[in-house]
Peer 1: 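Quick one: this structure, given as structure tokens, is what I'll be asking you about.
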Number of protein chains: 2
Amino acid sequence: MNAPVAPPKRTRRTKGGLTLVDVARVAGVAPITVSRVLNSPEKVSPDLVQKVRAAIERTGYVPNLLAGSLASTKSRMVAAILPTIAGSVFIDTVQALTENLAAAGYQLILGQSGYENSREDELLEAIIGRRPDGIVLAGIMRSEQGRRRLQASAIPLVETWDLTPTPADMLVGFSHEDIGQAVAEFLYQRGRRRVGVISASDERAQRRNRAFLQAAVRLDMQGADGKIPFHTISAPGTAAGGRAGLRALLADHPDLDAVFCSSDMVALGVLTEAHKLGIDIPGRLAVVGLGDQPFAAETYPALTTVHLDGRKMGQIAAQFIIDRIAGTPIPEVVRNIGFTIVERESA
Amino acid sequence: MNAPVAPPKRTRRTKGGLTLVDVARVAGVAPITVSRVLNSPEKVSPDLVQKVRAAIERTGYVPNLLAGSLASTKSRMVAAILPTIAGSVFIDTVQALTENLAAAGYQLILGQSGYENSREDELLEAIIGRRPDGIVLAGIMRSEQGRRRLQASAIPLVETWDLTPTPADMLVGFSHEDIGQAVAEFLYQRGRRRVGVISASDERAQRRNRAFLQAAVRLDMQGADGKIPFHTISAPGTAAGGRAGLRALLADHPDLDAVFCSSDMVALGVLTEAHKLGIDIPGRLAVVGLGDQPFAAETYPALTTVHLDGRKMGQIAAQFIIDRIAGTPIPEVVRNIGFTIVERESA
DNA sequence: TTGAAAGCGCTAACAC
DNA sequence: GTGTTAGCGCTTTCAA
């Protein structure tokens, strides 16, 4: 039974790609030495480093990071999961993430979950299956199953753009409830008494709206019929949705004197429709957006809006993950970065 | 010399993660059967599929795609390389890419090269090192070294948002020269005779501008001094840049009657500044943007602009890569999808 | 400081 | 249909 069996000759599967072994042969060293030159050159004598670098140069070798990741159980990839990237407010966050992660040697992989959470499950499998060293979520993970899978994966996780008493792991964001309340109070202070809302239907917007409505009722800013006029559009909100929303609101509530929009894009639509209808802004109607997108300061009139620091969230999220991987203690794993109402001309 | 050496006992390095072997043990089958259930269930008998699926469910197993990629030399990842994602025109393309690739089981990895091409080389190494099954470039690869590395990697490549007689591989885009010429002719037909340009400094914009200037000179649309006024801002263009640009142009050329802007965002700034200065648009000044971003139809006045179909480019690029991987013959690897001038109110 | 051997977790290639 | 074996290209572990 112990008789050695003649080893069957197998064809190599290699696609002819250059490997570390080839470079080692060219440089006249062991493969592991090439690996060390790549990953920890300080552990290799200068002349060997020299030799190996020359061999890499000569051959045009590009290390296979997939193989490295498998062996080291470190993928040097971080995943970002967004509802959608189109017309989205998360772009600054993604930009900051990419920049900060790239500087630390990490690559971003992007997943779009859709606002309907339709593909969330398979997306999560595709992401976790690639064993990223960290995951950044735009928003919070609300599905209980999703949370369990993420926690079971033990991958460092950062939720963003929201605040919750029960974060799955780390969190950087702000309170949507606080925004709704703050905008209502802001409009009250500016003398507005008949407010309305035009909003996309996503969950975060709805929480802002709820807080806005509560504060508005408390401050007695209802319409003549005792209600706060409300128009819902599908997420993500568009300028066209804002235009339709303003017409709908005014049809039933001609005495409206302020509108809170779920995004700057929606607010832009409101401004445009108001122009068309000959409605003076801010004279007759105040308009407040959300996001402080680059164009918000350049509309006519300039848009009063809620500034959210997307870059900062991206930067902090990246740092969270880098620190967690490095084992650096993180004093506060939940960071509320707040928001500011930027008062321009439209309100 | 051939005496067998006692095998040294090594500790397993495994981090306690669940593997395919564990699932196989639970299901009472060979590891390869689990692999088949995951990748080609039609080759496994229904009752074994059943058993294995149950074991996967029970254990919460998530396949390690890194290991699968290494073994199969297929990563099921596609890389997109952009100058920058912030305020960028490429977002629709990225969105369409992600959607179409996800539907085919591919994940997107994102790389930002910066407009300065500063990090392009290390980015390329980080991307190629991950052995994506395809690479999509926003723009064309101009660096000779970059082209060589990409070609040496033999990874299917799609250049986008441009046209070149010498594509590195596949290409879907449109001619920036044609745009410049078409816009000049459009303005001429609308009776404009004193045109100017406000443009970001990126290379594609400059080619549009060159063609625009040539056509404008040919059509005798120069200013009184025989020159076409020109204002350059840094890339990517912003509304603030557009405002500054309009002031600069008018200072030297008060008789200007049309402006061609390098992006809709720049054009938005021009509209806003014109409002401030009391300049009637389109009465005294025509404004043309580029990109037909969602807000372009909703500015006041609505922006005349060049429509570029970012989604279509993303969709075609995804299809190119999917077909190439599948070995499907691709009749035309260079696709000019053209552009259209969308005439609205501003010109 | 350098190297040999043994994995990392999966799939291709080849039997039965 | 199912299983056995030998890699994929790298890094960890251990030894010198």
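Here is how names work: the chains are called A, B, and so on, in the same order as the sequence lines, proteins then strands, and each is numbered from 1.
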Peer 1: At 4.0 Å (heavy atoms only), tell me whether B:Leu48 reaches a base, stays on the sugar-phosphate, or touches nothing.
Peer 2: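 The answer is sugar-phosphate, as B:Leu48 gets under 4.0 Å only of primed atoms, P, OP1 or OP2.
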Peer 1: Is the distance from OP1 or OP2 of D:dG3 to the nearest side-chain N or O of B:Thr33 less than 4.0 Å?
Peer 2: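 Yes, because at least one side-chain N or O of B:Thr33 sits under 4.0 Å from OP1 or OP2 of D:dG3.
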Peer 1: How long is the line joining CZ of A:Arg25 and P of C:dG3, in whole Å?
Peer 2: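 Atom-to-atom, A:Arg25 to C:dG3, this comes out as 15 Å.
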Peer 1: Quick one: on DNA chain D, does B:Val44 or B:Ala67 contact a more 5' nucleotide (nearest heavy atom)?
Peer 2: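 With B:Val44 and B:Ala67 compared, the 5'-side residue is B:Val44.
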Peer 1: Of all the nucleotides listed (D:dT4, C:dG9, D:dC10), which has the minimum atom distance to the side chain of B:Ala30?
Peer 2: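 The nucleotide sitting nearest to the side chain is D:dT4.
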Peer 1: Are B:Tyr61 and C:dC10 close enough that a side-chain N or O sits under 4.0 Å from OP1 or OP2?
Peer 2: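 Answer is yes, contact under 4.0 Å.
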Peer 1: Should B:Asn39 be listed as having a side-chain N or O under 4.0 Å from OP1 or OP2 of C:dT11?
Peer 2: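 For B:Asn39, the contact criterion (side-chain N or O under 4.0 Å from OP1 or OP2 of C:dT11) is met.
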Peer 1: Do A:Gln319 and A:Gln315 get their side chains close enough for a donor-acceptor pair, meaning under 3.5 Å?
Peer 2: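 No - no donor-acceptor pair under 3.5 Å links their side chains.
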Peer 1: Using a 6.0 Å cut-off, check whether atom CD of A:Glu125 has over 12 heavy atoms from anything other than its own residue.
Peer 2: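 Yes, the 6.0 Å shell around CD holds more than 12 heavy atoms from other groups.
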Peer 1: For side-chain contact (heavy atoms from CB on, under 4.5 Å), just list the numbers for B:Gln112 and B:Leu123, CA-CA rounded to whole Å, side-chain angles, deciding distance to a tenth of an Å, and then say yes or no.
Peer 2: CA-CA 8 Å; B:Gln112 293 191 76; B:Leu123 177 63; 5.8 Å; no
Peer 1: Output the single nucleotide from C:dC10, D:dT11, D:dG9 whose closest atom is nearest the side chain of B:Ala71.
Peer 2: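 Nearest to the side-chain atoms of B:Ala71, counting from C-beta on, is C:dC10.
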Peer 1: Without decimals, in angstroms, what is the distance between B:Leu20 CG and D:dT2 P?
Peer 2: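 From B:Leu20 CG to D:dT2 P: 15 Å.
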Peer 1: Please give, in whole Å, the distance from D:dT11 P to A:Arg76 CZ?
Peer 2: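 For the pair A:Arg76 CZ and D:dT11 P, the rounded distance is 11 Å.
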Peer 1: Can you measure A:Leu70 atom CG to D:dG9 atom P for me and round it to whole angstrom units?
Peer 2: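 Rounded to whole Å, this separation is 12 Å.
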Peer 1: Can you tell me the distance, in whole Å, between the CD1 atom of A:Ile56 and the C1' atom of D:dC10?
Peer 2: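 From A:Ile56 CD1 to D:dC10 C1': 14 Å.
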Peer 1: Specify the separation, in whole Å, of atom NZ of A:Lys74 and atom C1' of D:dT12.
Peer 2: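 Distance check: A:Lys74 NZ to D:dT12 C1' gives 10 Å.
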Peer 1: If you find the nucleotide of DNA chain C closest to A:Pro31 and the one closest to A:Glu42, which residue's nucleotide is nearer the 5' end?
Peer 2: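 Counting from the 5' end, the first nearest nucleotide belongs to A:Glu42.
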Peer 1: What nucleotide, of C:dT11, D:dG3, C:dG9, holds the atom closest to the side chain of B:Arg36?
Peer 2: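 Closest nucleotide among those given: D:dG3.
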Peer 1: Please determine whether salt bridge (Lys or Arg N to Asp or Glu O under 4.0 Å) holds for the pair B:Glu99 and B:Arg311, giving the CA-CA distance in whole Å, both sets of side-chain angles, and the decisive distance to 0.1 Å.
Peer 2: CA-CA 10 Å; B:Glu99 287 172 5; B:Arg311 285 198 66 84; 2.8 Å; yes
Peer 1: When the distance from CG of A:Leu18 to P of D:dC8 is rounded to whole Å, what number comes out?
Peer 2: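 Between P of D:dC8 and CG of A:Leu18: 14 Å.
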Peer 1: Rounded to whole Å, please give me the gap between CG in B:Leu65 and C1' in C:dT11.
Peer 2: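 Whole-Å distance recorded here is 13 Å.
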Peer 1: Of the nucleotides D:dT2, C:dT11, C:dA12, which one has an atom closest to the side chain of B:Ser35?
Peer 2: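 Between D:dT2, C:dT11, C:dA12, the one nearest the side chain of B:Ser35 would be C:dT11.
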Peer 1: Would one find more than 12 heavy atoms of other residues, nucleotides or ligands at under 6.0 Å from atom CD of A:Glu57?
Peer 2: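 Not buried by this count: 12 neighbours or fewer within 6.0 Å.
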Peer 1: Let's see if you can work this out: which of D:dC10, C:dT11, C:dC10 has an atom nearest to the side-chain heavy atoms of B:Ile32?
Peer 2: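 My answer, after comparing the listed nucleotides, is C:dT11.
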Peer 1: Using a cut-off of strictly less than 4.0 Å, decide whether B:Ser45 has a side-chain nitrogen or oxygen near OP1 or OP2 of D:dG1.
Peer 2: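 Indeed not, no polar side-chain atom of B:Ser45 lies that close.
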